[in-house]
Amino acid sequence: MDKVKRLATEKGVVVFTKSSCCLCYAVNILFQELGVIPVVHEIDKDPEGKEIEKAITRLGCPTPVPAVFIGGNLVGSTNEVMSLHLSGSLTQLLKPYRALS
């Protein structure tokens, strides 16, 4: 769990994914369209991937991927991110991390 917490705080927006996950891809594209370039950790390519997956679940993410952290805090998976986006709250959360235009 320490590795997940450390990686989750290395940048403002961090997404744990699997390379074959279409929902992970969709979440990353959403962030890019909102002007944010997240740090992406593909856990299926990490030798400690299974442990990372278990740690993400223990932290409270309903599904291990995509697991989205903003400002070091777990936001959740696709459902939580999309709910925030549809309510307009995601833009506010991402404001400090937007790329300069």
Side-chain angles (χ1 to χ4, degrees):
M1 190 163 340
D2 289 338
K3 181 175 182 174
V4 171
K5 289 181 180 178
R6 179 177 47 79
L7 292 173
T9 58
E10 70 183 357
K11 293 286 181 184
V13 180
V14 178
V15 183
F16 290 89
T17 70
K18 288 186 177 179
S19 55
S20 62
C21 173
C22 61
L23 293 175
C24 299
Y25 177 78
V27 166
N28 284 323
I29 293 298
L30 172 64
F31 284 137
Q32 291 175 25
E33 287 180 0
L34 294 173
V36 173
I37 312 269
V39 171
V40 176
H41 294 285
E42 290 186 346
I43 64 174
D44 56 334
K45 295 184 178 178
D46 189 310
E48 297 176 56
K50 291 289 183 197
E51 291 78 24
I52 292 172
E53 199 169 326
K54 290 176 189 173
I56 290 168
T57 303
R58 282 195 304 272
L59 286 170
C61 196
T63 58
V65 292
V68 176
F69 291 79
I70 299 176
N73 297 310
L74 175 64
V75 171
S77 195
T78 309
N79 287 343
E80 292 79 17
V81 170
M82 295 311 275
S83 293
L84 287 168
H85 179 55
L86 293 173
S87 73
S89 302
L90 185 60
T91 306
Q92 289 299 86
L93 282 175
L94 295 174
K95 202 173 204 177
Y97 311 108
R98 292 184 64 176
L100 298 175
S101 303

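For the numbers below, each heavy atom of this structure counts, side chains included, while hydrogens, waters and symmetry mates do not. All figures in this text were calculated on a predicted structure; none of them were measured in a lab.
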message = Check this for me, if you would: do Lys18 and Glu53 make a salt bridge, where the nitrogen-to-carboxylate-oxygen distance has to be below 4.0 angstrom?
response = yes
ask   = Are Lys45 and Glu42 within salt-bridge range, i.e. N to O under 4.0 Å?
value =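 Yes, charged N to carboxylate O under 4.0 Å.
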Ser77 (side chain) donor-acceptor with Pro62 (main chain) under 3.5 angstrom =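 No; zero donor-acceptor contacts below 3.5 Å.
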Is there a path of hydrophobic side-chain contacts, each under 4.5 Å between heavy atoms of I, L, V, M, F, W or Y residues, that connects [X] with [Y]?
X: Ile70; Y: Leu7; result: no
X: Val40; Y: Val65; result: no
X: Leu74; Y: Leu84; result: no
X: Val36; Y: Val27; result: yes

Could you tell me whether the side chain of [Y] reaches within less than 4.5 Å of the side chain of [X], counting heavy atoms only?
X: Leu90; Y: Leu30; result: yes
X: Val39; Y: Val15; result: no
X: Asn28; Y: Pro38; result: yes

Which heavy atom in [X] sits nearest to a heavy atom in [Y], and how many Å separate them?
X: Asp44; Y: Ser20; result: OD2-N, 4.3 Å
X: Ala55; Y: Val4; result: CB-CG2, 3.7 Å
X: Val14; Y: Ala8; result: CG2-O, 3.6 Å
X: Gly76; Y: Cys61; result: C-SG, 3.8 Å
X: Thr9; Y: Arg6; result: OG1-O, 3.1 Å

task = Measure from the ring center of Phe16 to the ring center of Phe69 and say whether it is less than 6.0 Å.
result = yes
Please round to the nearest 0.5 Å and tell me the distance separating atom [atom1] of [X] and atom [atom2] of [Y].
X: Ser19; Y: Ile43; atom1: OG; atom2: CD1; answer: 10.0 Å
X: Leu23; Y: Thr78; atom1: CG; atom2: OG1; answer: 4.5 Å
X: Leu94; Y: Tyr97; atom1: CG; atom2: OH; answer: 9.0 Å
X: Ser87; Y: Gln92; atom1: OG; atom2: CD; answer: 10.0 Å

Full working for side-chain hydrogen bond (donor to acceptor under 3.5 Å, both in side chains) between His85 and Glu80 = CA-CA 9 Å; His85 179 55; Glu80 292 79 17; over 6 Å; no
query = When you look at NZ of Lys50, are more than 12 heavy atoms from neighbouring residues, nucleotides or ligands closer to it than 6.0 Å?
reply =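 12 or below, so no.
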task = Please assess Lys3 against Ile52 for the test side-chain contact (heavy atoms from CB on, under 4.5 Å), listing each intermediate value before the final yes or no.
result = CA-CA 8 Å; Lys3 181 175 182 174; Ile52 292 172; 4.1 Å; yes
